[in-house]
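Comments concern the structure below.
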2 protein chains.
Amino acid sequence: MTRAEECPEEFDPTRLLTPRAREVLEAARTLLERDGWAALTMRALADELGIAAPSLYKHFASKDALKSQLVAVGLKDFGEALRPVTSVAALVRRYREVAGANPELYRLATHGPLDRDALPPGLEDWSGSPFFEATGEPYRAQALWAAVHGMVILELDGRFPTGSAPKATWDELANHFS
Amino acid sequence: MTRAEECPEEFDPTRLLTPRAREVLEAARTLLERDGWAALTMRALADELGIAAPSLYKHFASKDALKSQLVAVGLKDFGEALRPVTSVAALVRRYREVAGANPELYRLATHGPLDRDALPPGLEDWSGSPFFEATGEPYRAQALWAAVHGMVILELDGRFPTGSAPKATWDELANHFS
DNA sequence: GTCTATAAGTTGATAGAC
DNA sequence: GTCTATCAACTTATAGAC
């Protein structure tokens with residue numbers, strides 16, 4: 001397995017957080033991955049940390065701010081995992097792997113509108129750029145990203161009749177874009 | 001535009017509903033499309049109908065039951081709209097059109113796990129079968145469906161840098177599967 | 001089929017002391 | 001940075017009368 005490249009410093013979402021805020025964010029990620037976003041209440045997060053819920057507001061102004069940080073961390077981690085790019089087939093394989101290893105974070109980072117103002121400038125583009133590098137063409141890159149996202153999300157949600165998508169389906173997809 | 005074929009009677013989700021329950025369902029769909037699923041509370045629905053919220057429980061046992069009906073109606077309508085199948089390109093175009101015309105119902109019907117026990121038996125398969133007819137091969141059908149779903153949902157959520165996906169991206173996708 | 005009254009639970013968030 | 005006390009809003013859902 002290819003080793004991931006590190007994210008440029010200016011894209012690191014935790015750059016400006018206090019150490020304690022980082023711990024809160026870490027706990028939030030743990031809880032998110034364990035129980036899903038719907039279960040991630042401020043109370044549940046406080047319990048996980050062993051503190052009272054109102055204390056959280058000393059570290060994050062609102063639940064929404066915390067959510068944006070989680071999304072940003074997701075974009076950073078996923079972007080890192082997809083580098084360096086070797087081929088379309090490898091990119092597709094890696095995308096599936098990293099999403100499958102962090103399903104709830106993946107859902108949170110890709111579902112619904114994106115609050116771009118709350119993200120480090122450039123992070124979103126950087127996160128998706130492996131698709132451009134793999135295809136060498138912007139429209140093709142977008143189409144490939146959308147296709148792979150569709151596969152991943154339908155698989156995570158158990159939408160394929162077989163539960164997860166058969167290998168043949170993944171191969172079919174990768175081949176069409178190779 | 002090709003005319004849609006009617007859904008077989010046994011797949012009609014409203015088959016066993018009372019006339020009044022159908023009206024409630026209709027209002028729910030209107031409200032869903034207007035304000036989104038998050039805003040569709042039992043109170044809001046009752047207001048839309050001009051009745052009190054508890055009265056709704058005479059027609060649907062729970063909010064979850066209502067949701068399942070909405071999902072079923074979505075699968076039926078989308079399945080209808082995709083028939084008869086003429087080509088992969090036409091299917092992809094039509095899929096985008098019908099999802100774009102009912103974005104909130106599309107979201108509801110495709111997001112998250114599917115409660116298959118609450119659906120008319122066979123409806124789910126029937127709804128997706130145009131993809132098999134268009135591709136003539138099951139794995140290819142799944143891959144195409146996933147790819148198109150990814151495009152649609154990312155476009156609805158405003159996830160493409162350009163807002164909606166450029167025509168070139170859609171063409172790219174359709175061409176890969178033609 | 002509709003109503004009123006109400007239960008019972010949840011949530012994010014604030015004030016102010018320490 | 002943490003606490004306690006508390007608010008204000010909101011949800012789905014039930015009981016029972018008409």
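In what follows, every heavy atom counts, from backbone to side chain, and hydrogens, waters and symmetry copies are set aside. Labels below follow one simple rule: chain letters A, B, ... track the order of the sequence lines, proteins then strands, and each chain is numbered from 1. From a predicted model like this one, the values you see are computed outputs, not experimental measurements.
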Show me the side-chain donor-acceptor pairs of residues 42-55 of chain B shorter than 3.5 Å, one per line, residues at least two apart or across chains.
residue : atom : partner : partner atom : Å
B:E48   : OE1  : B:R34   : NH1          : 3.4
B:S55   : OG   : B:A52   : O            : 3.3

**ring pair (Phe, Tyr, Trp, His ring centres under 6.0 Å) against B:H111, all qualifying residues, sequence neighbours excluded** = A:H111
**Message:** Restricting to salt bridge (charged side-chain N to carboxylate O under 4.0 Å, His left out), what partner residues turn up for A:R29, sequence neighbours left out?
**Reply:** A:D77
**Separation of atom CG in A:D47 from atom C1' in C:dT11, rounded to whole Å** = 14 Å
**Asked** What residues in residues 17-33 of chain B put a non-hydrogen atom under 4.0 Å from any atom of DNA chain D?
**Response** none
**Request:** For A:L56 and C:dT14, give me the distance from atom CG to atom C1', rounded to whole Å.
**Result:** 14 Å
**Asked** Quick one: ring pair (Phe, Tyr, Trp, His ring centres under 6.0 Å) pairs with a partner in residues 159-178 of chain A, sequence neighbours left out?
**Response** A:F160-B:W145, A:H176-B:F177, A:F177-B:H176
**Request:** Please identify each residue that fulfils salt bridge (charged side-chain N to carboxylate O under 4.0 Å, His left out) with A:D125, with sequence neighbours left out.
**Result:** none
**Request:** Rounded off to whole Å, could you give me the CZ-to-P distance for the A:F60 and C:dA13 pair?
**Result:** 13 Å
**Request:** Looking at every strand, decide which applies to B:S55 at a 4.0 Å heavy-atom threshold: base, sugar-phosphate, or nothing.
**Result:** base
**Contact pattern, 5' to 3', of nucleotides 13-18 of chain D - B, S or - by protein heavy atom under 4.0 Å** = BBB---
**Complete:** The complete set of side chain to side chain donor-acceptor pair (under 3.5 Å) pairs with one or both residues in residues 13-22 of chain B, sequence neighbours excluded, reads B:D12-B:T14, B:R20-B:E23
**Set of residues satisfying side-chain contact (heavy atoms from CB on, under 4.5 Å) with respect to A:E10, sequence neighbours excluded** = A:P8
**Item:** Side-chain donor or acceptor of B:T135 paired with backbone N/O of B:F131 under 3.5 Å
**Value:** yes
**Item:** Rounded interatomic separation in angstrom, taking CG from A:L49 and P from D:dT2
**Value:** 8 Å
**Request:** Using heavy atoms to find the nearest nucleotide of DNA chain C for A:A38 and B:I51 separately, return the residue whose nucleotide is more 5′.
**Result:** B:I51
